[in-house]
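This report refers to the structure that appears directly beneath it.
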Amino acid sequence: MQLDKPAEPLRLVERQIPRPGTGEVLIEIAACGVCRTDLHVVDGDIHGILPIVPGHEIVGRVIACGSGADRFAPGTRVGVPWLGHTCGQCDYCQAGAENLCDDPQFTGFTRDGGFATHVVADGSFCFAIPDRFGDVEATPLLCAGLIGYRAFRMAGDARRIGFYGFGAAAHILAQVARAQAREIYAFTSPGDRTAQDFARSLGCVWAGGSDEAAPVMLDAAIIFAPVGALVPTALRSVRKGGSVVCAGIHMSDIPGFPYRDLWQERSIRSVANLTRRDGREFFALIADMPIRTSTTTYPLAHANEALDDLRHGRVSGAAVLVP
């Protein structure tokens with residue numbers, strides 16, 4: 001399913017199955033999650049190479065390896081995330097911050113992704129998937145889980161955390177937080193009782209609309225919804241020294257707010273991409289946790305329907321395409 005122009009429906013196309021180059025693997029795709037970042041790509045909120053095959057929450061099996069790609073043998077199940085390649089030479093890469101690489105490649109944005117039957121990926125940027133996760137249920141771990149984990153880690157040792165927006169990422173991280181005996185307060189679109197009930201079912205101690213005040217002062221807040229107006233709202237909900245973490249790649253403009261909302265050493269941080277270390281840490285962390293992902297599957301040819309459902313908040317958990 002190919003994007004030719006921003007804000008236009010994806011188009012079903014047929015291509016030759018690609019061949020892996022040096023360091024690359026060819027993967028037969030079993031499932032690919034549909035992420036809000038895919039929505040930003042398709043809607044033209046962020047601009048990359050076109051035409052492009054979106055999709056960066058890929059689970060599949062290696063069927064061929066290029067020269068030098070010796071991490072995964074054919075038949076191995078792997079996951080492909082958003083960060084598809086880095087230069088390894090810039091100051092950021094050398095400092096261990098490859099998520100900020102000056103010359104990166106991103107799966108489904110600057111290199112073809114997983115809304116397809118096959119994909120070529122850099123073998124050194126793929127992850128082994130724990131056996132206890134099925135193909136479909138593993139897909140949201142590759143971005144919603146990984147980016148959510150990076151944002152969660154930025155919240156430090158916060159015990160009381162507010163999640164603004166309760167979708168694919170929040171529903172995974174709420175379970176991680178519960179396993180660590182933390183308290184999660186879920187803020188959804190005003191009046192979205194379905195999302196609030198879903199949040200409570202996953203162990204959130206409170207769930208309400210983003211127009212409601214938190215019942216307690218929070219140690220930190222993570223904003224998953226791409227709504228800039230939530231930043232000052234979240235700031236007013238965190239205690240002195242607390243932090244607000246913006247977890248999305250794109251967000252509407254942040255409105256002005258009085259300095260007193262930021263004062264007393266509150267902070268605002270953003271999350272950019274991920275590192276391979278994030279992936280290794282995250283999969284090790286959840287290896288023995290009773291994490292379950294909630295998914296809704298769509299045939300590959302129905303990718304536009306899945307995107308529209310995500311756009312209008314009709315998906316509980318994560319949408320997943322199956323070839």
Side-chain angles (χ1 to χ4, degrees), residues 1-3 10 15 17-21 23-42 48-49 52-66 69 71-72 74-86 104-131 133-149 168-169 172 249 273-274 276 278-280 282-283 293 295-303 306-307 310 317-323:
M1 294 296 288
Q2 176 176 293
L3 176 68
L10 304 184
R15 300 179 179 176
I17 294 177
R19 295 182 178 181
E24 294 181 330
V25 292
L26 173 63
I27 299 167
E28 184 174 14
I29 297 171
C32 183
V34 182
C35 176
R36 185 162 292 278
T37 301
D38 297 318
L39 203 56
H40 292 315
V41 172
V42 171
I49 294 172
I52 196 74
V53 177
H56 57 275
E57 295 179 324
I58 305 168
V59 174
R61 286 158 182 79
V62 174
I63 58 174
C65 301
R71 286 188 64 220
F72 300 107
T76 306
R77 188 175 70 148
V78 297
V80 185
W82 169 251
L83 186 65
H85 180 80
T86 57
Q105 294 178 18
F106 298 112
T107 310
F109 184 50
T110 60
R111 59 186 295 158
D112 282 333
F115 288 12
T117 58
H118 298 77
V119 68
V120 165
D122 185 326
S124 63
F125 283 80
C126 297
F127 297 112
I129 302 295
D131 291 338
F133 294 103
D135 294 338
V136 170
E137 65 178 338
T139 59
L141 301 175
L142 271 303
C143 185
L146 288 175
I147 298 299
Y149 169 69
I172 296 170
I249 193 172
N273 312 314
L274 71 146
R276 284 171 286 182
D278 293 330
R280 292 190 295 269
F282 176 66
F283 285 117
T293 58
T295 59
T296 302
T297 58
Y298 301 77
L300 175 62
H302 292 189
L307 287 164
L310 180 61
V320 181
L321 300 181
V322 179

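When a residue number appears, it is its place in the shown sequence, counting from 1. Side chains included, hydrogens not; waters and symmetry mates left out as well; all remaining heavy atoms used.
Counting only heavy atoms from C-beta outward, the side chains of Val62 and Glu28 never approach each other to under 4.5 Å. At least one side-chain heavy atom of Leu26 sits less than 4.5 Å from a side-chain heavy atom of His118. For the pair Arg77/Val59, a side-chain contact is recorded, criterion being any heavy-atom separation below 4.5 Å from C-beta on. Contact check for Leu321 versus Met1: no side-chain heavy atoms found under the 4.5 Å cut-off. The side-chain heavy atoms of Ile172 and Tyr149, taken from C-beta on, include no pair separated by under 4.5 Å. A heavy-atom distance below 4.5 Å is found between the side chains of Leu300 and Phe115. Side chains of Tyr298 and Val322 form no contact here, defined as non-hydrogen atoms less than 4.5 Å apart. The side-chain heavy atoms of Leu146 and Phe127, taken from C-beta on, include a pair separated by under 4.5 Å.
Here the shortest heavy-atom pairing between Val25 and Gly123 reads CG2-CA, 4.2 Å. In terms of heavy atoms, Val53 sits closest to Asp112 at N-OD1, 3.0 Å. Across every non-hydrogen atom of Cys126 and Val78, the tightest pair is CB-CB, 4.3 Å. Here the closest non-hydrogen pair linking Cys65 and Pro20 is C-CG, 4.0 Å. Contact detail for Leu83 and Pro104: the closest heavy-atom pair is CD1-CB, 4.4 Å. Across Ala306 and Val34, no two heavy atoms sit closer than the pair CB-CG2, 4.2 Å.
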For residues 137-145, which side-chain donor-acceptor pairs fall under 3.5 Å, sequence neighbours excluded?
from, atom 1, to, atom 2, distance (Å)
Glu137, OE2, Gly134, N, 2.7
Thr139, OG1, Val136, O, 2.9

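When the side-chain contact (heavy atoms from CB on, under 4.5 Å) test is applied to Val119, the partners found at least two apart in sequence or on another chain are Ile27, Ile29, Ile58. Checked against side-chain contact (heavy atoms from CB on, under 4.5 Å), Arg280 has the following partners two or more places apart in sequence or in another chain: Arg276, Arg277. Remark: Phe133 engages no residue in a ring-ring contact (aromatic ring centres under 6.0 Å, His included) (not counting sequence neighbours). Qualifying ring-ring contact (aromatic ring centres under 6.0 Å, His included) partners for Phe72, counting only residues two or more places apart in sequence or in other chains: none. Not counting sequence neighbours, Thr296 has no partner by the side chain to side chain donor-acceptor pair (under 3.5 Å) test.
Put simply, the side chain of Asp122 never gets that close to the backbone of Glu24: no donor and acceptor are under 3.5 Å apart. Although no hydrogens or angles enter the test, the distance criterion places a donor-acceptor pair under 3.5 Å between the side chain of Thr107 and the main chain of Pro81. Not a single donor-acceptor pair under 3.5 Å links the side chain of Asp38 to the backbone N or O of Pro54.
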- Item | Intermediate values then yes/no, side chain to side chain contact (heavy atoms under 4.5 Å, CB included), Gln2 and Ile52 | CA-CA 6 Å; Gln2 176 176 293; Ile52 196 74; over 6 Å; no
- Task: Check the pair Thr37, Phe109 against side chain to side chain contact (heavy atoms under 4.5 Å, CB included), reporting the backbone distance first and the verdict last.
- Result: CA-CA 9 Å; Thr37 301; Phe109 184 50; over 6 Å; no
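The aromatic rings of His56 and Trp82 stand perpendicular to each other, their planes meeting at an angle above 60°, with 30° marking the opposite boundary.
Ion pairing between a basic and an acidic side chain is recognised when a charged N comes within 4.0 Å of a carboxylate O; Arg61 and Asp135 show such pairing.
Interatomic distance, CD1 of Ile147 versus SG of Cys35, reported as 8.0 Å (0.5 Å rounding). Distance check, rounded to the nearest 0.5 Å: NE2 of His85 to CZ of Phe106 gives 11.5 Å.
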